[in-house]
**Student:** 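Mind having a look at this structure? Questions to follow.
Labels below follow one simple rule: chain letters A, B, ... track the order of the sequence lines, proteins then strands, and each chain is numbered from 1.
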Protein chains: 2
Amino acid sequence: MFHKGLNQKIIVDATKALMEQEGFPAFSMRKLAEMLNVKTASLYAHIESMEALFTEVGLSALRDQWDCLLSAIGEQHGDAAVTALAESYRRFASEHAELYKIIMQMPTGNDAVLKEAAAMTAEPFIRVLADYRLSEEQKMHWQLVLRGLMHGFVSEEQAGYFSHYPVSVEESYQIAVRCMIDGLHKEEGESNGR
Amino acid sequence: MFHKGLNQKIIVDATKALMEQEGFPAFSMRKLAEMLNVKTASLYAHIESMEALFTEVGLSALRDQWDCLLSAIGEQHGDAAVTALAESYRRFASEHAELYKIIMQMPTGNDAVLKEAAAMTAEPFIRVLADYRLSEEQKMHWQLVLRGLMHGFVSEEQAGYFSHYPVSVEESYQIAVRCMIDGLHKEEGESNGR
DNA sequence: CTCTAATCCTAATGACGTTAGGATTATTAT
DNA sequence: ATAATAATCCTAACGTCATTAGGATTAGAG
């Protein structure tokens with residue numbers, strides 16, 4: 001049985017499926033090859049290394065996240081758009097916890113990949129902040145602030161540090177997001193788009 | 001050469017040193033054994049497994065963090081205490097980036113360990129929030145909010161997602177912390193320690 | 001001074017990622 | 001149609017990894 005029609009896209013998609021199913025730490029080239037009814041060595045005709053594969057998987061997952069966030073924002077603007085972004089950000093991360101881990105582990109090392117990943121991550125936040133009367137520099141700051149908050153919340157939650165708390169984590173998240181929105185308005189008021 | 005006086009504390013300390021020096025992913029039992037002038041197998045007389053070792057290392061790192069944060073807060077109160085906590089949180093994470101990764105990777109699985117880790121992580125935040133006129137439930141929410149923000153910021157920074165930005169990340173962090181403090185005061189005003 | 005328990009070693013196992021080189025099939029040029 | 005070329009997948013092997021079993025050596029208790 002030769003020429004089974006293997007290619008990079010098939011391998012990347014299978015890797016994503018395997019990781020979502022068994023978890024990121026349990027992944028191995030052997031299991032991936034078994035899943036594709038192929039010997040492990042055959043994979044190396046289409047990918048350079050496992051690390052390179054992880055990069056491709058990360059970029060693919062990042063595109064999934066990008067789609068999810070942008071479609072959640074839709075045609076909304078201002079506070080509603082921020083709220084929608086925050087809600088969909090947390091939902092994507094919890095529904096694709098393993099892929100989310102890869103996204104966060106990916107950019108170490110390769111600078112070109114880092115820039116592509118950073119741009120894709122930033123876009124939904126840039127879009128949502130466009131409606132606020134802030135300078136470009138302020139928007140940049142608030143982009144980092146929003147991303148930090150959302151990622152941090154999701155990350156602590158996934159690590160398990162927020163379990164066993166006698167309060168609704170969902171509600172905590174909403175408090176945080178509302179706090180950010182208040183902060184955005186305060187900043188708008190203090191310096192009218194200087 | 002027998003009976004070299006190996007014990008768990010020595011192994012844990014050496015692991016921390018090795019990780020801080022060469023990074024978390026580069027760690028191996030071989031290197032650890034070499035560092036201690038011992039064969040790899042000998043380590044297993046004092047630790048159950050590598051994962052168990054990681055747990056001990058994580059708890060030890062968490063104690064280091066606990067010391068660092070509490071001494072930074074010192075006798076300060078209110079907004080000054082929150083600011084000091086935020087500043088020291090970010091500093092500890094950047095000075096001990098590899099240990100910080102372990103802290104965040106540790107609690108998966110073992111529930112007893114998770115509770116100990118969660119309690120130790122929470123304490124500095126609980127102390128800082130004690131000065132605000134808020135209900136216990138509100139304090140709980142804001143503890144999660146503050147932790148989420150600080151961790152998220154630090155984590156994105158370490159992953160590399162905040163590099164190549166034409167603004168001072170330090171300043172972004174201060175904006176975020178000030179926003180949180182404003183939020184705390186607003187919450188105090190709306191419901192006087194209900 | 002002997003017995004026991006702890007300590008450390010040698011040796012081996014199985015899983016892992018990765019590479020080299022050969023066999024087989026598809027594609028292209030004649 | 002057929003020969004030359006390229007792509008695809010395989011077998012086999014290597015070195016590294018964490019981990020375990022069992023034996024040799026040493027320290028401390030009776």
**Student:** Considering every strand and a 4.0 Å limit on heavy-atom distances, what is the contact class for A:Ala41: base, sugar-phosphate, or nothing?
**Tutor:** base
**Student:** Can you tell me which residue among B:His185, B:Glu187, B:Lys139, B:His77 is in a side-chain contact (heavy atoms from CB on, under 4.5 Å) with B:Tyr132?
**Tutor:** B:His185
**Student:** Give the rounded distance in Å between these two atoms: CE of B:Met29 and P of C:dC16.
**Tutor:** 18 Å
**Student:** Taking OH from A:Tyr44 and C1' from D:dC9, how many angstroms apart are they, rounded to a whole number?
**Tutor:** 15 Å
**Student:** Can you tell me the distance, in whole Å, between the CD atom of B:Glu34 and the P atom of C:dC9?
**Tutor:** 13 Å
**Student:** Could you give the CD-to-C1' distance, from B:Glu51 to D:dT19, as a whole number of Å?
**Tutor:** 13 Å
**Student:** Ignoring hydrogens and geometry, is there a side-chain-to-backbone donor-acceptor pair from A:His151 to B:Ser155 under 3.5 Å?
**Tutor:** no
**Student:** What do the steps show when you test B:Lys31 against B:Glu34 for salt bridge (charged side-chain N to carboxylate O under 4.0 Å, His left out), and what is the final call?
**Tutor:** CA-CA 5 Å; B:Lys31 287 183 189 168; B:Glu34 274 178 29; over 6 Å; no
**Student:** What nucleic acid atoms does B:Ser49 come within less than 4.0 Å of, heavy atoms only: base, sugar-phosphate, or nothing?
**Tutor:** sugar-phosphate
**Student:** Just how far, in rounded Å, is C1' of D:dT26 from CG of B:Leu6?
**Tutor:** 15 Å
**Student:** B:Met50 has an atom CE; how far is it from atom P of D:dT20, in whole Å?
**Tutor:** 12 Å
**Student:** Check the distance between D:dA18's C1' and B:Leu43's CG and give it to me in whole angstrom.
**Tutor:** 11 Å
**Student:** Expressed as a whole number of angstroms, how long is the span from A:Leu32:CG to C:dC16:P?
**Tutor:** 12 Å
**Student:** So does A:His46 get a side-chain nitrogen or oxygen closer than 4.0 Å to the phosphate oxygens (OP1/OP2) of D:dC9?
**Tutor:** yes
**Student:** Check every strand shown and say whether A:Ser42 touches a base, only sugar-phosphate, or nothing at a heavy-atom separation below 4.0 Å.
**Tutor:** base
**Student:** Among A:Phe125, A:Tyr89, A:Trp142, exactly one meets side-chain contact (heavy atoms from CB on, under 4.5 Å) together with A:Arg147. Which residue is that?
**Tutor:** A:Phe125
**Student:** Below the 4.0 Å mark, does D:dT16 have OP1 or OP2 next to a side-chain nitrogen or oxygen of B:Arg30?
**Tutor:** no
